[in-house]
Amino acid sequence: MSPVPAPGTSELVAGIFAGDGRRIGQAISAAESGDGVPELSRRIFPKTGRARVLGLTGPPGAGKSTLALKMAQAYRARGRKVGIVAVDPSSPFTGGAILGDRIRMSEIYTDPGVFIRSMATRGSMGGLARATSDAVDILDAAGFDVVLVETVGVGQDEVDIIRTAETVAVVLVPGLGDDIQAIKAGILEIADVFVVNKADKEGADRTSAELAMMLDLTPGRSWRPPIVRTVAPRGEGVPEVVEAMESHRSWLANSPEAGFRAARRARARLVALLEERFHRSLESRSPESNGLEEAIRRIRERREDPYSAATRLFERLTREPAAERA
Ligand SMILES: Nc1nc2c(ncn2[C@@H]2O[C@H](COP(=O)(O)OP(=O)(O)OP(=O)(O)O)[C@@H](O)[C@H]2O)c(=O)[nH]1
Ligand SMILES: [Mg+2]
């Protein structure tokens, strides 16, 4: 049997516009590997910008996937099509999420109005962030009304989510204690909604109170992130999370913050692509021809300062573009 040839960009684009799950999956795989992305992006981008992109971030195992599935169900009940993109999950997407709820949750995996995809780290983190944005575009162009992006984050990592999502929920669990102090700078910046999941466990009150206190200490923000307690596997608090995300959307729609955030997302994406391109340009040249080794030697021998060498290399690389690969 001859292997089935990989679909071309035109087939992928047609499939995406038709909402064909198989083609959508293939397009996301292409985005992960970087193959043919510029052409695909050029053709689908005019159809993007309609989906509501929501971020769920928080420590490993906090219950983000379980919450995402329950939120997806809630949006489905409102007639919305939902895409879920889990970035670099430490546990498989189904892990635990279907426990005790096997039958009802299995419906969601066969529902054509729901698309679930995990994205794994391949190569650089920068590449993963790019592929995630591309996957969101693909789902957006395919007509998904809501796209939930799940990222694992502790400390500063989760800040990346603001490059993709309009509204971000930070999912925490009781008993983080000192961790909240440690990560507060990062999460305060990005949280539009706080979810204290695993509220069936001891300490949820204390965690919520600590978060509230933290918010009290940072007045002057025009949006105060609501704190919602959930028991995700049972769906408890999930309507309140959806409500909080929707309230934030309404607030954002009437705030100058919306334009600022959209520009920030576009800028992050553009700058990341430029960086990636520059790296590729460097890597696509042989070590003899990229000038790197020679420059390193010159710096080591103090014949050239690093700034001058960087300027010289930059000008050379941008003047003589290497063959475009992706
Ligand atoms: N007791 C309790 N367990 C929960 C709750 N929410 C999720 N879990 C369990 O916690 C485990 C992790 O849940 P996931 O939804 O996979 O967590 P996650 O944040 O997506 O995990 P990663 O993607 O690996 O970071 C699973 O065994 C869930 O069943 C909750 O509210 N209470
Ligand atoms: Mg997960």
Side-chain angles (χ1 to χ4, degrees), residues 28 32 53-75 82-109 114-122 125 128-129 131-132 135-136 139 146-161 164-165 168-176 179-180 183 186-187 190-191 193-208 211 226-242 244-245:
I28 295 177
E32 270 181 327
V53 186
L54 306 177
L56 291 176
T57 193
K64 302 175 294 295
S65 295
T66 313
L67 187 65
L69 287 170
K70 291 294 180 173
M71 288 173 73
Q73 275 188 324
Y75 278 111
V82 186
I84 302 178
V85 180
V87 183
D88 205 18
S90 53
S91 56
F93 199 88
T94 50
I98 55 171
L99 272 181
D101 198 7
R102 214 169 276 278
I103 293 157
R104 258 189 309 141
M105 290 317 285
S106 70
E107 275 169 17
I108 209 164
Y109 292 101
V114 176
F115 187 93
I116 301 172
R117 174 70 182 237
S118 293
M119 317 266 302
T121 307
R122 287 195 200 158
M125 276 315 280
L128 187 61
T132 303
V136 169
L139 293 168
V146 178
V147 180
L148 293 164
V149 182
E150 173 195 339
T151 57
V152 185
V154 256
Q156 290 297 312
D157 306 346
E158 69 272 89
V159 173
D160 257 4
I161 191 78
T164 331
V168 174
V170 171
V171 183
L172 299 170
V173 291
L176 280 176
D179 290 357
I180 290 194
I183 61 183
I187 62 176
I190 62 157
V193 172
F194 281 109
V195 176
V196 178
N197 188 41
K198 307 200 181 181
D200 52 329
K201 299 207 165 172
E202 213 182 291
D205 291 340
R206 199 180 139 204
T207 303
S208 306
L211 282 171
I227 302 167
V228 186
R229 277 182 244 182
T230 56
V231 183
R234 291 189 222 145
E236 286 175 28
V238 173
E240 288 80 1
V241 175
V242 170
M245 301 300 262

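Since the model is a prediction, treat every value here as computed from it, not as a measurement. Remember, it's 1-based here, ligands and their atoms both numbered in the order they're listed. Computation of the quantities below employed the complete heavy-atom set of this structure, encompassing side-chain atoms and omitting hydrogens, waters and symmetry-equivalent molecules.
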List ligand 1 atoms under 4.0 Å from [X], heavy atoms only on the residue side.
| X | result |
| --- | --- |
| S65 | 15 (O), 18 (P), 20 (O) |
| K64 | 15 (O), 17 (O), 18 (P), 19 (O), 20 (O), 21 (O), 22 (P), 25 (O) |
| E150 | 20 (O), 23 (O) |
| A232 | 6 (N), 31 (O) |
| V231 | 31 (O) |

Working to the nearest 0.5 Å, report the span between [atom1] of [X] and [atom2] of [Y].
| X | Y | atom1 | atom2 | result |
| --- | --- | --- | --- | --- |
| I84 | R117 | CD1 | CZ | 13.5 Å |
| M245 | L54 | CE | CG | 4.5 Å |
| E150 | T66 | CD | OG1 | 8.5 Å |
| L211 | R206 | CG | CZ | 11.5 Å |
| R229 | T207 | CZ | OG1 | 9.0 Å |

### Summary
The option among G63, P174, P60 carrying the non-hydrogen atom nearest to atom 17 (O) of ligand 1 is G63
### Query
If you measure from atom 15 (O) of ligand 1 to every heavy atom of L56, V87, T66, which option wins on shortest distance?
T66
Considering both backbone and side-chain atoms of [X], is one of its nitrogen or oxygen atoms within less than 3.5 Å of a nitrogen or oxygen in ligand 1?
| X | answer |
| --- | --- |
| K198 | yes |
| A62 | yes |
| V152 | no |
| P233 | no |
| L67 | no |

### Query
Heavy-atom distance under 4.5 Å between the side chains of E240 and T230, does that happen here?
no
#### Entry: Beyond-backbone contact of R234 with D200, side-chain heavy atoms, under 4.5 angstrom
yes
### Message
With carbon and hydrogen excluded and only N/O/S kept, which atom of E150 is nearest the Mg ion (ligand 2)?
### Response
OE2
### Query
Looking only at heavy atoms, what is the nearest atom pair of S208 and I227, with distance?
O-CD1, 3.7 Å
### Query
A199 and A204: which non-hydrogen atoms are nearest, and at how many Å?
CA-CB, 3.8 Å
### T66 near the Mg ion (ligand 2) via N/O/S, less than 2.8 Å
no
